[in-house]
Amino acid sequence: MTVSPRTYLFALVDGGGTVPPELGAVRRLVERGHDVTVLGEDSIIEDVRASGAAFRPWVQAPNRPNRLPEHDPYKDWECKNPFELFSRLLDKQFVGPAPGYAADVTAAIADHRPDLVVCSFFAYGAMVAAEAAGIPFDVLMPNAYLLPARGMPPLGLGVKPAAGPLGRGRDRLVTALVTRQWNKGLPRVNALRASLGLDPLDSFFEQVHRAHRQLVLTSPDFDFPAELPATVRYVGAVLDDPAWATGIPWTPPAGDGPLVLVALSSTFQDQASCLQRIVDALGTLPVRGIVTTGPALDPDALRAPANVTVVAAAPHSEVLRHTSAVVTHGGHGTVVRTLAADVPMVILHHGRDQADNATRVTTRGAGLAVKRTATPAVIADAVRRLLDDPAFAAGARQLGESIRRDAASGALVAELEAVAGIVSEGALLPGS
């Protein structure tokens, strides 16, 4: 079936691990003949070009040149408490830059007249601008579902779904406290909306709920069940390697010991000391270790024993074919690609959504979680348990089957094309 080409504008913020799945959506649309422009930071320009889309830089919105820590917009690793983190997120990411995002998206809409604007969850101003222009917009969530919902445990705490009245009371209390913090940004969002002729919102997250679709780029079997808005669609994970790791030659290191992949954040999260303790732990085990530091950390910053190789990047899709266990910070991209390869993991979560991902993994028996401050002995013991107990690999295989199935379903492209009344050949449409 021939698909009529349409025009898409993606408004993306460099969230590190969120970029490969977002640009995976871009690449799939380009391959189907659509005209796609990506508004983004200079830090992702090469990644965008590799997707085949046109790149347009943020001009009035923040535009980081690279992923080095000095250019991080809000430096969340410096925050001493959740209240400081909320303040920085609002001031430096969601609300403070929103007028700049809105101005750049308004200009891009005038130039390109897209059929759909596709926004990073962080790009609040982009959502407002699309709504003001009368252009439908989708919001991408390359994570578990991020917003408060009945039955979903509060984000950021790494807790399991509520069991009984006490658990439900916990969820109501935490959700009320968190909502109050987010709503501190509401007056500024409403001021921006008023300047563009839009009605005010009653709550901060109502802006996201006004999207045509909230596209959750994971498997529903990975997430916890909850009562979600009608606009939410689970469309499967995007399992692409990041552009900066694609095409790099890699061969398994020599030896017969099980291969352990270590992959922490692709952005700076003050992870060097944690990474060194992981390397030291692997040095005490009869394994072969491969550590990928990513763009934010120099491999030479680590001291590696003879059985551990440290590189800036390697194609994880290839490495995982040979891997028996993964040690990670718990970012969603690394977690779902590890599970898709049927590999169990040890998670040392650093912040953001990582504790929540860890709970989803450990609850299904697909891995273990230890503190990011764990000693090499504790980390080594966790890795040893993964390698010695086949139940962890079985748990990873069970989740992996769902993740692979949903990633191959075509639901992501079907939802993105459906806004313009397109029916993709063989695609899974809502209600089909």
Side-chain angles (χ1 to χ4, degrees), residues 1 3-13 15 17-38 40 44 47-48 50-53 114-123 126-127 130 136-147 208 211-223 228-243 317 332-333 335-337 339-340 399-432:
M1 180 178 180
V3 177
S4 299
R6 293 294 189 272
T7 301
Y8 293 83
L9 176 66
F10 278 67
L12 301 186
V13 175
T18 62
V19 172
E22 290 172 339
L23 290 182
V26 168
R27 180 177 62 80
R28 285 156 175 77
L29 290 174
V30 170
E31 289 174 349
R32 291 178 64 80
H34 300 296
D35 180 5
V36 185
T37 297
V38 175
I44 66 169
D47 302 21
V48 173
S51 75
D115 297 291
L116 180 70
V117 177
V118 185
C119 304
S120 287
F121 176 69
F122 305 109
M127 303 177 207
F137 68 94
D138 286 358
V139 177
L140 296 178
M141 296 184 184
N143 317 84
Y145 187 66
L146 294 171
L147 303 189
V208 180
H212 167 261
R213 289 287 184 264
Q214 301 173 54
L215 300 179
V216 187
L217 276 62
T218 197
S219 169
D221 290 346
F222 174 76
D223 209 353
L228 301 177
T231 56
V232 174
R233 298 287 187 276
Y234 284 89
V235 293
V238 175
L239 304 175
D240 302 0
D241 284 326
S317 57
H332 180 265
V335 166
V336 293
R337 282 186 284 150
L339 292 171
L399 267 181
E401 290 175 3
S402 298
I403 289 170
R404 291 191 299 274
R405 178 199 66 219
D406 294 339
S409 69
L412 172 59
V413 169
E415 289 290 351
L416 290 169
E417 289 183 339
V419 72
I422 305 168
V423 179
S424 308
E425 183 178 4
L428 177 65
L429 288 175
S432 65

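Numbers for residues simply follow the sequence, beginning at 1. Hydrogens, waters and symmetry mates play no part in the numbers below; they use all other heavy atoms, side chains included. Quick caveat: nothing in here was measured; it's all calculated off a predicted structure.
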Residue from R233, H212, R213 passing side chain to side chain donor-acceptor pair (under 3.5 Å) with D138:
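Testing each of R233, H212, R213 against D138, the sole residue satisfying side chain to side chain donor-acceptor pair (under 3.5 Å) is H212.
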Roughly how far apart are [X] [atom1] and [Y] [atom2], rounded to 0.5 Å?
X    : Y    : atom1 : atom2 : result
D35  : T37  : CG    : OG1   : 5.5 Å
M127 : F121 : CE    : CZ    : 6.5 Å
L23  : L12  : CG    : CG    : 6.0 Å

Which pair of non-hydrogen atoms, one from [X] and one from [Y], has the smallest distance, and what is that distance?
X    : Y    : answer
V336 : I403 : O-CG2, 3.9 Å
L146 : M141 : N-SD, 3.9 Å
P5   : H34  : CA-ND1, 3.6 Å
A144 : T218 : CA-CG2, 4.3 Å
S120 : E22  : OG-OE2, 3.2 Å
L217 : P142 : CB-CA, 3.8 Å

pair [X]-[Y]: side-chain heavy atoms closer than 4.5 Å:
X    : Y    : answer
Y8   : E417 : yes
L215 : L416 : yes
R6   : L116 : no
V36  : V118 : no
F10  : V48  : no

With sequence neighbours excluded, what pairs up with Y145 under the ring-ring contact (aromatic ring centres under 6.0 Å, His included) test?
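By the ring-ring contact (aromatic ring centres under 6.0 Å, His included) rule, Y145 matches no residue at all.
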F222: what forms a ring-ring contact (aromatic ring centres under 6.0 Å, His included) with it, not counting sequence neighbours?
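H332.
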Could you tell me which residues satisfy side-chain hydrogen bond (donor to acceptor under 3.5 Å, both in side chains) with [X], sequence neighbours excluded, listed by chain and number?
X    : result
R404 : D342
S51  : none
D221 : S402, R405

What's the verdict on side chain to side chain contact (heavy atoms under 4.5 Å, CB included) for V238 and R28, showing C-alpha distance, side-chain angles and the deciding distance?
CA-CA 10 Å; V238 175; R28 285 156 175 77; 3.8 Å; yes
Just by distance, no angles: are the side chains of D241 and S317 close enough, under 3.5 Å, to form a donor-acceptor pair?
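Distance-only check passes for D241 and S317.
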Between Y234 and D223, is there a side-chain donor-acceptor contact under 3.5 Å, judged purely by atom types and distance?
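The answer is yes; a qualifying pair exists.
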For R27, give me all partners under salt bridge (Lys or Arg N to Asp or Glu O under 4.0 Å), at least two apart in sequence or on another chain.
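Residues passing salt bridge (Lys or Arg N to Asp or Glu O under 4.0 Å) with R27: E31, D240.
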